[in-house]
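All values below come from the heavy atoms of this structure, side chains included, with hydrogens, waters and symmetry mates left out. Treat the numbers as computed from the prediction; the structure is a model and nothing was measured.
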Amino acid sequence: SPTEGLAEVFYAIGDALTGEDSTEIGLVYLRVALYLKPDFPLAYLSIGEVHDKLEQYQDAITSFDKIPQSSPLWNNVQIRKAYALNSQEKVDKAKDILQSLASHMKNDPRPYDALGSIMRSRQRYKEAETAYSKAIEQVEKPKARHWSLFYARGVCRERLKNWPAAEADLKMALKLNPDQPLILNYLGYSWVDQGINLKEAMDLIRKAVKLKPDDGYFVDSLGWAHYRLGEYDKAVKHLERATELRPEDPVINDHLGDAYLRV
């Protein structure tokens, strides 16, 4: 109807404005869209996302809950709701939602991926590892886009001090996405920190720095690799740059201190 068409126009403008950080004006347009068309899941989703961005998590959840289960958006919205609950420190409620969602989203890794992310952010690495393993089980044949599942599980396993399994996951992630700086840096730094595969580790880290030259953590890894190889002058050069990029990081400052001591 003409009224519904007008609601679509107000929604489109509101969604565009909130995406450009004109949040308050965008919300006005979205509210008008809902006034014209009360049953409008996309508008509720956009309003919920705005509240989430503003860290108004309960308002976000209230908006997400307006979207009916019959909507094609419902599954994605439940994942967003779980993240909002986690931000409210309601971790177990978030876990319940995602486990329930996973039970009827067969062959879709997203609910378990979200659960793994939440548990990893809480440093509950064993639960995160289990969640990522279940996410990987939903993938019949891993593709390039699934690199993050293996990377995340590898990080959890490294934190759980199961390096052989962690290394296998990180290598698999690298196979799926050879140009992903996060994988290159994490695997390379882990080898350097253990004093193994130093030449190969250096190649991985150099590639990561080339892809993201202004990332302090990657530059730190390169400096620390030079340190481990006994190339202390080169280490100082890169570690000084890393502390400029990440002056607040204690590990990077500690690495620089070690390098200064050597020279």
Side-chain angles (χ1 to χ4, degrees), residues 1-122 128 131-132 134-135 138-139 143-149 151-152 180 182:
S1 70
T3 302
E4 290 175 331
L6 190 58
E8 294 279 353
V9 172
F10 274 98
Y11 160 73
I13 296 171
D15 191 53
L17 286 170
T18 56
E20 294 174 0
D21 291 330
S22 300
T23 307
E24 292 184 8
I25 300 172
L27 274 175
V28 171
Y29 278 89
L30 291 169
R31 295 289 185 195
V32 174
L34 281 176
Y35 174 77
L36 294 167
K37 184 182 176 183
D39 181 18
F40 200 168
L42 280 171
Y44 283 119
L45 174 60
S46 291
I47 290 171
E49 288 174 340
V50 169
H51 286 305
D52 188 62
K53 186 167 65 174
L54 295 173
E55 299 183 1
Q56 299 166 350
Y57 300 117
Q58 189 52 53
D59 289 334
I61 291 167
T62 300
S63 189
F64 291 149
D65 284 342
K66 299 283 188 181
I67 298 171
Q69 191 167 353
S70 58
S71 169
L73 300 172
W74 192 79
N75 288 343
N76 285 337
V77 167
Q78 294 308 297
I79 293 174
R80 295 298 299 268
K81 181 179 175 180
Y83 279 118
L85 286 166
N86 176 56
S87 297
Q88 290 184 309
E89 307 296 325
K90 298 177 181 177
V91 184
D92 291 331
K93 282 189 177 181
K95 183 178 181 180
D96 290 342
I97 285 175
L98 292 170
Q99 287 181 328
S100 174
L101 191 62
S103 67
H104 70 264
M105 284 179 69
K106 301 298 183 184
N107 302 318
D108 192 328
R110 287 177 297 165
Y112 284 124
D113 184 17
L115 180 57
S117 296
I118 288 172
M119 292 301 152
R120 182 157 65 105
S121 72
R122 297 285 170 179
Y132 286 126
K134 289 181 178 179
Q138 308 304 310
V139 179
K143 296 182 173 65
R145 68 177 184 273
H146 297 122
W147 70 268
S148 60
L149 298 176
Y151 169 78
Q180 172 49 248
L182 283 173

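The shortest non-hydrogen separation linking Pro111 to Ile79 is N-CD1, 4.3 Å. Nearest heavy atom pair, residue Pro109 against residue Ala135, reads CB-O, 3.4 Å. Between Arg120 and Tyr132, the shortest heavy-atom contact is NE-OH, 3.3 Å. The two residues Asp108 and Arg110 make their nearest non-hydrogen contact at OD2-NH2, 2.6 Å. When all heavy atoms of Ala84 and Tyr57 are compared, the closest pair comes out as O-CB, 3.9 Å. Nearest heavy-atom pair, Leu34 versus Ile47, reported as atom, atom and distance to 0.1 Å: CD1-CD1, 3.4 Å.
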Candidate pair Asp113 and Ser117, rule side chain to side chain contact (heavy atoms under 4.5 Å, CB included), full reasoning
CA-CA 6 Å; Asp113 184 17; Ser117 296; 4.0 Å; yes

Go through the steps to decide whether Met119 and Val91 satisfy the test side chain to side chain contact (heavy atoms under 4.5 Å, CB included), and finish with yes or no.
CA-CA 8 Å; Met119 292 301 152; Val91 184; 3.7 Å; yes

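Between the side chain of His51 and the main chain of Gly48, no donor-acceptor pair closer than 3.5 Å is present. Proximity of a side-chain donor or acceptor of Ser46 to a complementary backbone N or O of Leu42 within less than 3.5 Å is detected. Without hydrogens or angle criteria, Tyr35 side chain to Ala7 main chain gives no donor-acceptor distance under 3.5 Å. The main-chain N or O of Ile118 is found under 3.5 Å from a side-chain atom of Ser121 such that the two form a donor-acceptor pair. The backbone N or O of Thr18 lies less than 3.5 Å from a partner atom in the side chain of Lys53, making a donor-acceptor pair. At distances below 3.5 Å, not a single donor-acceptor pair connects side-chain atoms of Ser63 with backbone N or O atoms of Ala60. Checking side-chain atoms of Gln180 against main-chain N and O of Leu182 turns up a donor-acceptor pair under 3.5 Å. Checked by atom type and distance alone, the side chain of Gln138 pairs as donor or acceptor with a backbone atom of Lys134 at under 3.5 Å.
In this structure, CG on Leu27 lies 8.0 Å from CD on Glu24, to the nearest 0.5 angstrom. With rounding to the nearest 0.5 angstrom, the CG atom of Leu85 is 9.5 Å from the CD atom of Gln78. Atom CD of Glu4 and atom CZ of Phe40 lie 9.0 Å apart (nearest 0.5 Å). A distance of 14.0 Å separates CH2 of Trp74 from CG of Leu45, quoted to the nearest 0.5 Å. From Lys95, atom NZ reaches atom CZ of Arg122 across 13.0 Å, with rounding to the nearest 0.5 Å. Between atom CG of residue Asp59 and atom CZ of residue Phe64 there is a gap of 11.0 Å, rounded to the nearest 0.5 Å.
Applying the 6.0 Å contact sphere to OH of Tyr29 captures no more than 12 heavy atoms from other residues, nucleotides or ligands. At most 12 non-hydrogen atoms from other residues, nucleotides or ligands lie less than 6.0 angstrom from CD1 of Ile25.
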